Amino acid sequence: MAVHWVKLELDVAGFDQDRFEQYVTKCQSQGLRFTTLADLGDTPEHRRALYELNKECAADIPERGEFYSFDEYVERRFEVASYDPRGVVIALDGEAWVGMAATSEHEDFMFNEMTGVRAGYRGQGISIAMKTFGMTFAEECGASRVRTFHHPANASAIAMNRKMGFVDAVD
Ligand SMILES: CC(C)(COP(=O)(O)OP(=O)(O)OC[C@H]1O[C@@H](n2cnc3c(N)ncnc32)[C@H](O)[C@@H]1OP(=O)(O)O)[C@@H](O)C(=O)NCCC(=O)NCCS
């Protein structure tokens, strides 16, 4: 049966940055650090770490199926014109990579490629904090919207996005 993806979008100008910045502050006060792949260094080692984190988190996406091989991931996520390491937010607990929010840049919108938090770190506002941290880059790019889509059974991801102000996309 065909899947009816839940397509959502966020109006960048209408995003309540002050409200959601509190998620960033709270996580930082608990010892987490937010950075980007650009700032950490877009190195082969860091690309591999991102892949491993993405693969682990993607295992919890409903009906995701088998994840890409590393070579496929590189081809789809890094070797594309829409890739920019400034759009890949990483949450760190010490040296451990515990969350990622990867966004790609398109003509007039940003696309959320993947948001994931390691299972033991969920339910603490980390995904909202990462996506809020990443909004600065969306603004710098001049994007008017951030778009995403989810499997309809992915209740946590859909609720998380709606909480940030994402609404059903019109097209
Ligand atoms: C979706 C995911 C990224 C959420 O990360 P998280 O850091 O645990 O989410 P947060 O703590 O920031 O929660 C933010 C909001 O999302 C919603 N939410 C999060 N987990 C939820 C759950 N299990 N059920 C329902 N709503 C949930 C809530 O509205 C929550 O706000 P609240 O706690 O104030 O009610 C995480 O569950 C995950 O990595 N899932 C596997 C990968 C995935 O499906 N990614 C999305 C596809 S790209």
Side-chain angles (χ1 to χ4, degrees), residues 4-28 32-51 53-54 57-58 61 64 68 72-92 97-117 124-152 154 156-171:
H4 294 285
W5 296 96
V6 176
K7 297 181 179 176
L8 301 172
E9 65 182 28
L10 179 73
D11 171 29
V12 172
F15 178 63
D16 192 347
Q17 186 84 31
D18 289 345
R19 177 181 166 206
F20 291 104
E21 203 60 47
Q22 293 169 22
Y23 283 80
V24 179
T25 312
K26 177 176 157 264
C27 290
Q28 287 169 334
L32 294 182
R33 187 161 67 91
F34 299 101
T35 186
T36 65
L37 202 57
D39 285 339
L40 274 179
D42 185 7
T43 63
E45 293 75 18
H46 288 157
R47 287 185 174 197
R48 173 64 77 164
L50 188 72
Y51 168 73
L53 178 60
N54 196 147
C57 295
I61 298 176
R64 173 62 183 77
Y68 306 122
E72 287 169 340
Y73 190 76
V74 167
E75 202 177 302
R76 285 166 178 268
R77 293 287 173 81
F78 298 118
E79 291 176 350
V80 286
S82 57
Y83 167 67
D84 189 318
R86 294 175 298 167
V88 180
V89 176
I90 311 290
L92 294 161
W97 293 34
V98 301
M100 62 174 288
T103 307
S104 56
E105 187 187 353
H106 301 266
E107 205 166 313
D108 64 341
F109 67 93
M110 310 300 289
F111 182 73
N112 278 165
E113 297 282 350
M114 171 69 186
T115 305
V117 175
Q124 301 175 48
I126 297 174
S127 68
I128 288 187
M130 291 189 299
K131 291 182 69 152
T132 300
F133 188 85
M135 286 300 283
T136 311
F137 180 59
E139 285 162 15
E140 282 170 11
C141 290
S144 59
R145 293 175 297 164
V146 181
R147 308 183 78 174
T148 187
F149 64 87
H150 294 292
H151 189 283
N154 200 344
S156 52
I158 294 167
M160 175 267 286
N161 282 305
R162 289 202 189 281
K163 183 154 198 164
M164 291 186 74
F166 280 77
V167 296
D168 293 300
V170 286
D171 52 2

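In this text the structure is predicted, and so the values were computed from the model without any measurement.
- Atoms CE and CG, from M160 and N154 in turn, are 8.5 Å apart once rounded to the nearest 0.5 Å.
- Counted within 6.0 Å of CD on Q28, heavy atoms from surrounding residues, nucleotides or ligands total more than 12; the atom is thus considered enclosed.
- Counting only heavy atoms from C-beta outward, the side chains of R77 and N54 approach each other to under 4.5 Å.
- Side-chain contact check for E113 versus V88: every heavy-atom pair is 4.5 Å or farther apart.
- More than 12 non-hydrogen atoms from other residues, nucleotides or ligands lie less than 6.0 angstrom from CZ of R64.
- Scanning both residues, F78 and R47, for their nearest heavy atoms gives CB-NH1, 3.4 Å.
- A distance of 10.0 Å separates OG1 of T132 from CZ of R19, quoted to the nearest 0.5 Å.
- Contact annotation: the side chain of F137 approaches that of M110 to within less than 4.5 Å [non-hydrogen atoms, C-beta and beyond].
- Residues T36 and F133 are in side-chain contact: their nearest non-hydrogen atoms beyond the backbone lie under 4.5 Å apart.
- Looking only at side-chain heavy atoms (C-beta outward), D168 and R162 come within less than 4.5 Å of each other.
- Taking 4.5 Å as the limit, every side-chain heavy atom of F166 sits out of range of all side-chain heavy atoms of H150.
- With contacts defined as side-chain heavy-atom distances shorter than 4.5 Å, the pair C27/F34 qualifies.
- With sequence neighbours excluded, the residues that form a side chain to side chain contact (heavy atoms under 4.5 Å, CB included) with D108 are R145.
- Contact check for F149 versus L8: no side-chain heavy atoms found under the 4.5 Å cut-off.
- A distance of 9.0 Å separates CE in M135 from NZ in K131, rounded to the nearest 0.5 Å.
- Within the model, atoms CD1 of I126 and CG of L32 stand 5.0 Å from one another, a figure rounded to the nearest 0.5 Å.
- For R147 against F109, the heavy-atom pair with the smallest separation is CD-CD1, 3.4 Å.
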